[in-house]
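Worksheet for the structure shown next.
Basis for what follows: all heavy atoms, side chains included, without hydrogens, waters or symmetry-related copies. Here is how names work: the chains are called A, B, and so on, in the same order as the sequence lines, proteins then strands, and each is numbered from 1.
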Amino acid sequence: MSETSGPAVFVIAQAETSGGSSFGDSTTPPANAHGVEIATPPGEAHGSNFPPFDAQTFPSQLIWLAIAFGLLYLLMSRIALPRIATILEERHDRIADDLEEAGKHKAESEAAAKAYEQALASARGKAQTIATETRDKLSAEAEAGRKSLEAQLSEKLAAAERQIGDTKTAAMANVRGIAADTAGAIVNELIGTAPDAKAVEAEVDKALKS
Amino acid sequence: MASGSVIDPIHQFQINKIVDMGAPGGVQLAFTNSAAFMFGIVALIFFFLTFATRGRTLVPGRLQSLAEMSYEFVASTVRSTAGNEGMKFFPLVFSLFMFVLFANFIGMVPYAFTVTSHIVVTAALALIVIGTVIIYGFARHGTHFLHLFVPSGVPAFLLPFMVVIELISFLSRPISLSLRLFANMLAGHIAMKVFAGFIVMMTATGLAGWFGAVLPLAMVIALTALEFLVAALQAYVFAVLTCIYLNDALHPGH
């Protein structure tokens, strides 16, 4: 990018070796601090020039990794993870509680609905029985009324028949007397002698009977 | 990035001393940029998780959802591969997953140091996993743990070969686990730097270079997207393989 220096240079291998090891002090500036093109002689580079393979840095890295990772493990297992676990558990419990309560409410409403159904059914049944009873009573009453009326009527009928019979007998008796008298009078007119009343009556009875 | 116009794709992996602690017993010790980033990662993970869950709300907000999602994601991974018994390793798997994930993502920040691009770090993480498997396996099952290397239902004359193969496959696990993460991060970051370097080099040649630099720029954009995918994917792969290996410690019989 800068125009001041020459062409940019790629150094795949070790570039800024101020010393033999790359485990350099950060306070000492690298040799190529001002973009000066430096060609590191390949002979100078030994096995540890590639930083990840520089064994001199291993002990420090391992020690600090052990401390840092141990600290991370402690923080995670003692503080952070139990904390998240509690939150998740609380939410889980809360949801379970809410579901349980909802289930309870549902059961309650179902029971109420059932009770209502039952009340409705019993009321319906009661109404039915009342209706039946009333109908039965009314029909019984009507029946009784009809029967008494019939009895009354038949009584009146019998009385009327009796009266008719009486009247008829009386009339018949009158007819006999009149017939006897008439027969006596006719005989008297025809032959001029009054017939024996008893014989006329007997003859009239004989005629009436025939 | 190297200073000036010298483009050095390896410079980003440089370890610098921040506090030199001398060399007790001939071993050089120092607080380095790598260590600083490790502690930064730990602090970031911890503050993210505690800050996100500060409200402890019943209906989670965005950050709390993210924290809960990471928790449940790792928990379901552990549960599905190692069963409910495996949940005793959940803090370990979660720590590993979050550490690798945050290390990879922080490494994507320009000028940041990628902790997981150093093989010693990934190897140490892999050894934590394998060490846990071996120690827990023997503590839980005793010598029965060795049945891991003896597959059942194999003819007797084949058994020695099978044991050798199983042994080799077991020993190669920490190597593959550490190399996979290390190589992915290293190669990805180098590729990004190389293509970014092409842009700088081409623009330095003049106007034609400015137009030509569009190609490597497009490449860098594509690589950046790919690297974000790789960063998340490698953390997930590391966690899943950890679960699978821990499952062996729980159930050594084949």
When you look at [atom1] of [X], are more than 12 heavy atoms from neighbouring residues, nucleotides or ligands closer to it than 6.0 Å?
{"X": "Phe47(B)", "atom1": "CZ", "result": "no"}
{"X": "Glu150(A)", "atom1": "CD", "result": "yes"}
{"X": "Glu110(A)", "atom1": "CD", "result": "yes"}
{"X": "Tyr136(B)", "atom1": "OH", "result": "yes"}
{"X": "Glu141(A)", "atom1": "CD", "result": "yes"}

Could you go through Ser34(B) and Gln61(A), starting from their C-alpha distance and side-chain angles, then the distance that decides it, and tell me whether this counts as side-chain hydrogen bond (donor to acceptor under 3.5 Å, both in side chains)?
CA-CA 7 Å; Ser34(B) 167; Gln61(A) 290 207 68; 3.1 Å; yes

Identify which part of [X] has an atom lying under 4.5 Å from any heavy atom of chain A, answering side chain, backbone, both or neither.
{"X": "Phe13(B)", "answer": "both"}
{"X": "Met98(B)", "answer": "neither"}
{"X": "Ile41(B)", "answer": "neither"}
{"X": "Val27(B)", "answer": "side chain"}
{"X": "Thr57(B)", "answer": "backbone"}
{"X": "Tyr71(B)", "answer": "side chain"}
{"X": "Phe31(B)", "answer": "both"}

Out of Ile87(A), Leu75(A), Leu81(A), which one racks up the most heavy-atom pairs below 4.5 Å with chain B?
Leu81(A)

So which part of [X] gets closer than 4.5 Å to some heavy atom of chain B, the side chain, the backbone, both or neither?
{"X": "Leu65(A)", "answer": "both"}
{"X": "Ala85(A)", "answer": "both"}
{"X": "Ile95(A)", "answer": "neither"}
{"X": "Arg94(A)", "answer": "side chain"}

Going through the checks in order, is the ring pair (Phe, Tyr, Trp, His ring centres under 6.0 Å) test met by Phe53(A) and His118(B)?
CA-CA 8 Å; Phe53(A) 295 148; His118(B) 275 250; 9.1 Å; no

Qualifying residue for side chain to side chain contact (heavy atoms under 4.5 Å, CB included) with Cys243(B), from Val93(B), Leu96(B), Val74(B):
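Result for side chain to side chain contact (heavy atoms under 4.5 Å, CB included) with Cys243(B): Val93(B).
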
May I ask you to name which of Val120(B), Leu92(B), Ile128(B) has the most heavy-atom pairs under 4.5 Å with chain A?
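When all of Val120(B), Leu92(B), Ile128(B) are compared, Val120(B) has the most.
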
Using ring centroids (six-membered ring only for Trp), state whether Phe94(B) and Phe97(B) fall under 6.0 Å.
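Ring-ring flag for Phe97(B)/Phe94(B): false, centres at least 6.0 Å apart.
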
